[in-house]
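Data block below; observations after.
We use all heavy atoms of the structure for the numbers below, so side chains are in, but hydrogens, waters and symmetry mates are not. Chain identifiers are assigned alphabetically (A, B, ...) following the order of the sequence lines, protein sequences preceding nucleic acid strands; residue numbering begins at 1 within each chain. Computed from a predicted model, the values in this text were never measured in an experiment.
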2 protein chains.
Amino acid sequence: MTADRGTPASARGGSAPTLEMVAAHAGVSRATVSRVVNGSPKVSPDVVEAVQAAIAVLNYVPNRAARSLASRRTQAIALVVPESTAKVFNDPFFATLVQGIGLALADTDYTLSMLIESEAASDKTRKYLLGGNVDGALVASHHTGDHSYAHVSRALPVVFGGRPLDPGEQVNYTVDVDNAHGAEIATEHLVERGRQRIATIGGPQDMPPGVDRLRGWRNVLDRAGRTSDLVEFGDFSPESGAIAMRRLLERDPTIDGVFCANDQMAMGAYAAILETGRTIPGDVAVVGFDDDRYASMAVPPLTTVHQPSLQMGEVMARTLVRLIAGEDVPSATLLSTQLVVRASS
Amino acid sequence: MTADRGTPASARGGSAPTLEMVAAHAGVSRATVSRVVNGSPKVSPDVVEAVQAAIAVLNYVPNRAARSLASRRTQAIALVVPESTAKVFNDPFFATLVQGIGLALADTDYTLSMLIESEAASDKTRKYLLGGNVDGALVASHHTGDHSYAHVSRALPVVFGGRPLDPGEQVNYTVDVDNAHGAEIATEHLVERGRQRIATIGGPQDMPPGVDRLRGWRNVLDRAGRTSDLVEFGDFSPESGAIAMRRLLERDPTIDGVFCANDQMAMGAYAAILETGRTIPGDVAVVGFDDDRYASMAVPPLTTVHQPSLQMGEVMARTLVRLIAGEDVPSATLLSTQLVVRASS
DNA sequence: TTGTAGGCGTTATCAA
DNA sequence: TTGATAACGCCTACAA
């Protein structure tokens, strides 16, 4: 295996075999080869065999660009994530989401292409989407950014994960988790456990889940006639959770329960609580949101709201595939959540 | 914004504007438009302006398939990760790696397309790579799987992250971390701290980092005339780390130091150590490897070997880009590591 | 069941 | 500096 160093990709040895070469090798026309490659039913068995043999011998793989140009579709879909790379990878939510998408796509022969909106690449992404690279797009965001992709949905089937920030803007095709209800059952759980001073570490208020989870917490306290002023905000990172928790404990040292808008902030809260000599759940009960893989490994294991991210990925992908096929799909799907009680509450 | 429901992507309103339409609109030939789009220097200023105006008006975006077909290059590179989706996303190493790649690619106009080798899609990936979808590929693996992509490097420029498992197989263009040396400084640190019974939780022995880090640990103990038999293996997950640690403590309750082949297993070891009533580092000193974001958040903060994953991503990407351009690049690059001493040792 | 031929949207080679 | 005019590799009526 000698190095091809210095050789431009376009000029590699023998270059890629084309459909025409296969046709010649098999002694048939290009059309017939095309039929075999695309699994057309009306080709005689022996011809199929001959063509497949030729394909194997030449190690032929159809050129996607050519195929896409001719057929006007790419068999690829994009997953757009308007977040920084760091956030995407450190948020276990995305892991499961992508897994769900992959699962749903495994049956099909769609290819997934991830576009992570890092630093300055917004226009690059737009061009990619509009440049005929994909048959459709999945936009998975917890961010305002959502509606910045609303315009592409005029040129391409798009399914959004999470509702738009502004309920007014009617974005078609969204799949969302019932965040408010999840926060409610979490907070109710703290109330039922007899906690008196229940605080919350809220997520960013420019992200729907941040808003909805805060609202759920507030709903329960309001209904119970409690005050709902013990709020500090974080950015969903562990660090921010620790900072927020420290502030809360300074503001009110009698806090005995806290609902964190996600598990990572809950992990930060753990650190902040423990460093004051308080115990969990003895002094402060903690409930998170997401049920990520660290939740059960924490000491003590974290009570949290399970986020159906796998299911969300699956539903998003299936919805998009059906949309591309021109089928009728529901405009919005809401997935339910569930409380997982562990030792932290 | 009405829904395009039921409309195949190929038949959307007005469809995508083509180069030809721009040409007509600007009153020039297609060739000229192409020149403007590609920034050719030999076009008169006024023509450039007219064409750009037409592009703006029509909201034109070049079709990639057509461009790629004609130019025989895609301006896209693939990142192949032969791991399950879950692993990729839960391993903070990849987060930083991808970030580094993204950083290096931001300057260029290459697009990154991530191929995560989930469940059964190996052939899909191969076809993607060989189907002319990308100009080159980055293979980031901790896995044996490495050499299964060796053959694509005959058809495409490929840069591997991590050395191949078998030193014999000369894979060109690798960027790797000096794992053995990292493990050595970690173990030396435990020795210097006066630890007497130093165990290790090794990674999978079918992955180079697993092998190299174990070797580093062993080197130091052998040189110090200590026994190096206190080994249990994990799969780099927290759970496996906990299990391995329990076994170690059962085998030898006098263990007072442990080097874990990665931070996630160290987190598992923490749990296993603490659940026996032992303290860290009082009873057992723990050192990890990777310096992931949880390492510093742990209680106590974890001493670990910093992995230059950001740099690795950057170097890999830059190397590939140069390779595609036909430049000369070093066949192997080794990045150095560094010990970060925190409270766990 | 198979082959012929035109076209998909760009780039690139020649002339002009 | 610009414009015709072939490719690029494949798909798909239409014809045989």
Side-chain angles (χ1 to χ4, degrees), chain A residues 8-12 14-51 54-55 58-75 127 130-133 135 155, chain B residues 8-12 14-51 54-55 58-76 127 130-133 135:
Chain A
S10 52
R12 260 151 211 288
S15 74
T18 70
L19 195 157
E20 177 150 27
M21 294 166 65
V22 175
H25 194 98
V28 298
S29 74
R30 294 179 306 170
T32 299
V33 176
S34 177
R35 290 188 187 101
V36 172
V37 168
N38 294 297
S40 163
K42 22 189 71 181
V43 184
S44 66
D46 37 330
V47 173
V48 171
E49 200 170 344
V51 172
I55 288 177
L58 298 177
N59 200 17
Y60 167 75
V61 175
N63 179 304
R64 271 234 168 143
R67 175 184 287 208
S68 147
L69 188 57
S71 68
R72 301 172 115 308
R73 62 176 151 179
T74 63
Q75 292 296 69
K127 282 207 175 119
L130 265 37
N133 280 321
D135 294 338
Chain B
S10 52
R12 259 150 214 288
S15 75
T18 69
L19 195 155
E20 178 150 27
M21 294 166 64
V22 175
H25 194 97
V28 296
S29 74
R30 295 179 303 171
T32 299
V33 176
S34 178
R35 289 188 188 102
V36 172
V37 168
N38 294 297
S40 163
K42 21 189 76 182
V43 183
S44 65
D46 36 331
V47 174
V48 170
E49 200 170 345
V51 172
I55 288 176
L58 297 177
N59 199 18
Y60 167 77
V61 175
N63 179 304
R64 273 230 174 160
R67 174 184 286 208
S68 147
L69 187 57
S71 68
R72 298 170 116 312
R73 64 180 149 175
T74 64
Q75 291 297 71
K127 282 206 175 118
L130 266 38
N133 281 327
D135 294 337

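- At a threshold of 4.0 angstrom between heavy atoms, the contacts of B:V37 with the nucleic acid are absent.
- The A:L19 side chain lies nearest to D:dC11 when the options are C:dG9, D:dG9, D:dC11.
- As a whole-Å value, the separation of A:I55 CD1 from D:dG9 P is 17 Å.
- Among all heavy-atom pairs drawn from B:Q75 and B:R64, the shortest one is O-NH1, 4.1 Å.
- Checking C:dT10, D:dT12, D:dG9 against the side-chain heavy atoms of B:A66 singles out C:dT10 as nearest.
- Remark: the A:S40 side chain and the A:N38 side chain contain no N/O donor-acceptor pair separated by less than 3.5 Å.
- Put simply, the residue from A:N133, A:T74, A:N63, A:D135 that forms a side-chain contact (heavy atoms from CB on, under 4.5 Å) with A:S68 is A:T74.
- For the pair A:K42 NZ and D:dA16 P, the computed distance is 18 Å after rounding to whole Å.
- Among the nucleotides C:dT10, D:dA4, D:dC11, the one closest to the side chain of A:R67 is D:dC11.
- The residue among A:V48 and B:S34 whose nearest nucleotide of DNA chain C lies closer to the 5′ end is A:V48.
- In this model, a side-chain donor or acceptor of A:R35 finds a partner on the base of C:dG3 within 3.5 Å.
- In this structure, B:R35 and B:T32 have side chains that are in contact, with non-hydrogen atoms separated by less than 4.5 Å.
- Set against D:dT2, C:dC8, C:dT2, the side chain of A:V47 has C:dT2 as its closest nucleotide.
- Contact annotation: A:N63 does not reach the phosphate of D:dC8 (side-chain N/O to OP1 or OP2, under 4.0 Å).
- In this structure, A:S29 reaches the C:dG3 phosphate: one of its side-chain N or O atoms is under 4.0 Å from OP1 or OP2.
- OP1 and OP2 of C:dT11 both lie 4.0 Å or more from every side-chain N or O belonging to B:S71.
- For the pair B:R73 CZ and C:dA12 C1', the computed distance is 11 Å after rounding to whole Å.
- The distance from atom CZ of B:R30 to atom P of D:dT2 is 17 Å, rounded to the nearest whole Å.
- Side-chain proximity of B:A70 to D:dC10, C:dT11, C:dT1: nearest is C:dT11.
- As a whole-Å value, the separation of B:E49 CD from D:dT2 P is 13 Å.
- Applying the 4.0 Å criterion to OP1 and OP2 of C:dT2, one finds that A:S44 has a side-chain N or O inside that range.
- Under the 4.5 Å side-chain criterion, counting only non-hydrogen atoms from C-beta, B:V37 is in contact with B:R67.
- Of all heavy-atom pairs between B:K127 and A:V61, the closest is O-CG1, 3.6 Å.
- Look at B:R72 and you'll find a side-chain N or O under 4.0 angstrom from OP1 or OP2 of D:dG9.
- Here the nucleotide nearest the side chain of A:V28, chosen from C:dG3, C:dG9, D:dG3, is C:dG3.
- Remark: P of D:dA7 and CG of A:L69 are 17 Å apart, rounded to the nearest angstrom.
- Of the listed nucleotides (C:dT10, D:dA4, D:dT12), D:dT12 has the atom at the smallest distance from the side chain of A:A31.
- Rounded to whole angstrom, the span from the CD atom of B:E20 across to the C1' atom of D:dG3 amounts to 13 Å.
- For A:Y60, whose side chain is taken as the heavy atoms from C-beta onward, the closest listed nucleotide among D:dC10, C:dT10, D:dG3 is D:dC10.
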